[in-house]
2 protein chains.
Amino acid sequence: MADVNPVLLDEQLCFSIYSASKKFNHFYQSALAPFGLTYPQYIAMLVLWEKAPLTVHQLGERLELDSGTLTPLLKRLEKQGWVTRVRSQIDERQVLIHLTEMATTKRDEVYSRIGQCQTLLDMSSEEIDSMMTELVTVKHQLDTVSNERLITKEVDKVN
Amino acid sequence: MADVNPVLLDEQLCFSIYSASKKFNHFYQSALAPFGLTYPQYIAMLVLWEKAPLTVHQLGERLELDSGTLTPLLKRLEKQGWVTRVRSQIDERQVLIHLTEMATTKRDEVYSRIGQCQTLLDMSSEEIDSMMTELVTVKHQLDTVSNERLITKEVDKVN
DNA sequence: AGCAATTTAATTGTATACAATACACTGGAA
DNA sequence: TTCCAGTGTATTGTATACAATTAAATTGCT
């Protein structure tokens, strides 16, 4: 029994990450409940607080999300008063996402709330650093593999 | 600049996990394309291959998913011929998920395909072990925190 | 037996995700 | 100038997720 099945280990790692991702999502959703923001909405706001306005495309690059996800998300943020969506005068294909005054005003409140909630997680910088380093490796492997054609479109079909 | 903002680091860790989860999802989806399975469908099959039949509830405990997610997922698996959904005779509230003959037949093909694709990831057992250990800690923290009322329902509202 | 409390699935509503497509628009080539 | 390739956003269709509610059935209690 010295041998470990790498297939299973890998699945467990994937499942752990999948599960952790869902838990984090839930954590942020709860933490942000006073503001009615979800985690994806929050990280969109984070990017915009850093530098707005941005086009949907620019935001998507930072968040690794496409317009199919962002367009409805941003419409919800607009409806809730966080952003405005303005079609660019220069290039009418682009939509610029601006922050509203409310968003600017509430930024520090949101930061403070997140800061408080994160304190509860009680994680050391070392832990966080180490995980992030390992995650970078994993993500790089995943990117590399998916760029090789072994796993892309022209894969052998099983019917 | 020796100080690091823990708020941001944490967000980066969360984002890293969120992003890795999406990439893994994509990886498995590509790997399983010959079988038309998604990652959540695949892990449902994994549990069932290990021990079937199971009720929706039992499956949900293993996968940390509720019936709102599983019911439609299992209906899709049924439509594609992997499982059958049979209401229990003993307790008619329960639905038992059975494997079809096709599912049993294809199991080794699926395992083999996954094994091949995972080899490409080229990750050492040490890397995997270390990540999983750290993820357990993080998930435990997230569980603990969400069980404290600081972040649950009766949170102060901001209007 | 009779009924309240509990359990279990399914349903409904909201919010992501992402592939594929549609569509408008821009900039450049002919 | 007209046409076209490329770009950026929106839309459509499919698949998760999960909270909240509903509905049906069982269990436990009297």
Side-chain angles (χ1 to χ4, degrees), chain A residues 15 18-30 32-33 36-45 53-61 63-80 82 85-97 146 152-153, chain B residues 15 18-30 32-33 36-45 53-61 63-80 82 85-97 146 152-153:
Chain A
F15 186 78
Y18 165 72
S19 167
S21 178
K22 288 194 297 176
K23 284 184 203 294
F24 256 125
N25 222 299
H26 180 257
F27 168 77
Y28 274 96
Q29 191 125 18
S30 301
L32 294 163
L37 292 173
T38 64
Y39 178 68
Q41 289 168 0
Y42 168 65
I43 56 176
M45 290 304 298
L54 289 175
T55 66
V56 174
H57 181 76
Q58 290 169 329
L59 194 53
E61 284 200 329
L63 301 176
E64 299 173 23
L65 293 172
D66 73 5
S67 72
T69 302
L70 284 178
T71 297
L73 184 152
L74 291 168
K75 283 182 177 172
R76 283 186 284 271
L77 283 180
E78 185 177 43
K79 198 196 289 183
Q80 294 166 39
W82 295 94
R85 297 162 63 252
V86 184
R87 200 160 282 278
S88 164
Q89 298 287 302
I90 298 109
D91 186 338
E92 295 218 355
R93 291 168 303 180
Q94 307 186 54
V95 172
L96 286 167
I97 313 300
S146 66
T152 44
K153 322 267 173 171
Chain B
F15 186 78
Y18 165 72
S19 167
S21 178
K22 287 194 298 176
K23 283 184 203 294
F24 255 124
N25 221 299
H26 180 257
F27 168 78
Y28 274 96
Q29 190 126 17
S30 301
L32 294 163
L37 291 172
T38 64
Y39 177 67
Q41 289 168 0
Y42 167 66
I43 55 176
M45 291 304 298
L54 289 174
T55 65
V56 174
H57 182 76
Q58 289 169 329
L59 193 54
E61 283 199 329
L63 301 176
E64 300 173 21
L65 294 172
D66 72 5
S67 71
T69 302
L70 284 178
T71 297
L73 183 151
L74 292 168
K75 283 183 177 172
R76 283 187 284 270
L77 283 180
E78 185 177 43
K79 197 196 288 182
Q80 292 165 39
W82 296 94
R85 296 161 63 254
V86 184
R87 199 160 283 276
S88 164
Q89 298 286 304
I90 299 109
D91 185 339
E92 295 219 355
R93 289 169 304 180
Q94 304 186 30
V95 172
L96 286 166
I97 312 300
S146 66
T152 43
K153 322 265 172 170

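Just so it is clear, the values below take in all heavy atoms, side chains as well, and ignore hydrogens, waters and symmetry mates. Chain letters run A, B, ... following the sequence lines, proteins first and then strands; every chain starts at 1.
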Colleague: In residues 63-71 of chain B, which ones come under 4.0 Å of DNA chain C, going by heavy atoms?
Modeller: B:Ser67, B:Gly68, B:Thr71
Colleague: Rounded to the nearest 0.5 Å, what's the gap from CD1 on B:Ile43 to CG on B:Leu65? Could you check?
Modeller: 6.0 Å
Colleague: Looking at D:dG8, C:dA10, C:dT16, which one has an atom nearest to any side-chain atom of B:Val95?
Modeller: C:dA10
Colleague: Closest to the A:Pro40 side chain: D:dT16, D:dA17, C:dT16?
Modeller: C:dT16
Colleague: Take A:Gln58 and A:Lys23, find for each the nucleotide of DNA chain D with the closest heavy atom, and name the residue whose nucleotide sits nearer the 5' end.
Modeller: A:Gln58
Colleague: Enumerate, in order of first residue number, the stems that involve DNA chain C, defined as 3 or more consecutive Watson-Crick or G-U wobble pairs with both distances under 3.5 Å.
Modeller: C:1-30 with D:1-30
Colleague: Is B:Arg85 close enough to C:dA9 that one of its side-chain N or O atoms is under 4.0 Å from OP1 or OP2 there?
Modeller: no
Colleague: Any side-chain N or O of A:Tyr39 less than 4.0 Å from the OP1 or OP2 oxygen of C:dA15?
Modeller: no
Colleague: Not counting sequence neighbours, which residues clear side-chain hydrogen bond (donor to acceptor under 3.5 Å, both in side chains) with A:Glu64? List them please.
Modeller: B:Ser19
Colleague: Quick one: side chains of residues 66-75 of chain A, donor-acceptor pairs under 3.5 Å with protein atoms, not counting sequence neighbours, listed by atom name and distance.
Modeller:
from: A:Asp66; atom 1: OD1; to: A:Gly68; atom 2: N; distance (Å): 3.0
from: A:Asp66; atom 1: OD1; to: A:Thr69; atom 2: N; distance (Å): 3.2
from: A:Thr71; atom 1: OG1; to: A:Ser67; atom 2: O; distance (Å): 3.0

Colleague: Reading DNA chain C from 5' onward, which residue's closest nucleotide shows up sooner: B:Val56 or A:Thr38?
Modeller: B:Val56
Colleague: Can you list everything that forms a side-chain hydrogen bond (donor to acceptor under 3.5 Å, both in side chains) with B:Lys23? Sequence neighbours excluded, please.
Modeller: A:Asp143
Colleague: What distance separates A:Arg93 CZ from A:His57 NE2, expressed to the nearest 0.5 Å?
Modeller: 11.0 Å
Colleague: Within this structure, what is the CG-to-P distance between A:Leu32 and C:dA15, rounded to whole angstrom?
Modeller: 14 Å
Colleague: Going by side-chain hydrogen bond (donor to acceptor under 3.5 Å, both in side chains), name the residues that satisfy it together with A:Tyr42, two or more places apart in sequence or in a different chain.
Modeller: B:Glu11
Colleague: Which of these nucleotides, C:dA15, C:dC18, C:dA9, is closest to any side-chain atom of B:Lys22?
Modeller: C:dC18
Colleague: Would you mind reading off the distance between B:Asn25 atom CG and D:dT14 atom P, rounded to a whole angstrom?
Modeller: 19 Å
Colleague: OP1 or OP2 of D:dA17 sitting under 4.0 Å from any side-chain N/O of A:Tyr18?
Modeller: yes
Colleague: 5'-most contact on DNA chain C: A:Gln29 or A:Gln89, nearest heavy atom basis?
Modeller: A:Gln29
Colleague: Which whole-number value in Å describes the distance from B:Leu74 CG to C:dT11 C1'?
Modeller: 15 Å
Colleague: Go through the steps for A:Trp82 and A:Leu37 under the test side chain to side chain contact (heavy atoms under 4.5 Å, CB included), then give the verdict.
Modeller: CA-CA 10 Å; A:Trp82 295 94; A:Leu37 292 173; 3.6 Å; yes
Colleague: Please state how far atom NE2 in A:His57 lies from atom P in D:dT7, giving the value in whole angstrom units.
Modeller: 9 Å
Colleague: Using the side-chain contact (heavy atoms from CB on, under 4.5 Å) criterion, which residues pair with B:Thr38? Sequence neighbours excluded.
Modeller: B:Gln29, B:Pro40, B:Gln41
Colleague: Using ring-ring contact (aromatic ring centres under 6.0 Å, His included) as the criterion, list what pairs up with A:Phe15, not counting sequence neighbours.
Modeller: A:Tyr18
Colleague: Identify, with sequence neighbours excluded, every residue that meets ring-ring contact (aromatic ring centres under 6.0 Å, His included) alongside B:Phe24.
Modeller: none
Colleague: B:Lys75 NZ to C:dA10 C1': how many Å, rounded?
Modeller: 7 Å
Colleague: Over how many whole Å does the gap from B:His26 atom NE2 to C:dA20 atom C1' extend?
Modeller: 14 Å
Colleague: Can you list the residues that meet the salt bridge (charged side-chain N to carboxylate O under 4.0 Å, His left out) rule with A:Arg87, with sequence neighbours excluded?
Modeller: none
Colleague: Enumerate all atom pairs, one protein N or O and one N or O from nucleotides 22-25 of chain C, separated by less than 3.5 Å.
Modeller:
from: C:dC25; atom 1: O2; to: A:Arg93; atom 2: NH1; distance (Å): 3.3

Colleague: Nearest whole Å is fine: how far is C:dT8 P from B:Arg87 CZ?
Modeller: 13 Å
Colleague: Can you list everything that forms a salt bridge (charged side-chain N to carboxylate O under 4.0 Å, His left out) with B:Glu78? Sequence neighbours excluded, please.
Modeller: B:Arg85
Colleague: Using atom CD1 of B:Ile43 as one end and atom C1' of D:dA17 as the other, report the distance to the nearest whole Å.
Modeller: 12 Å
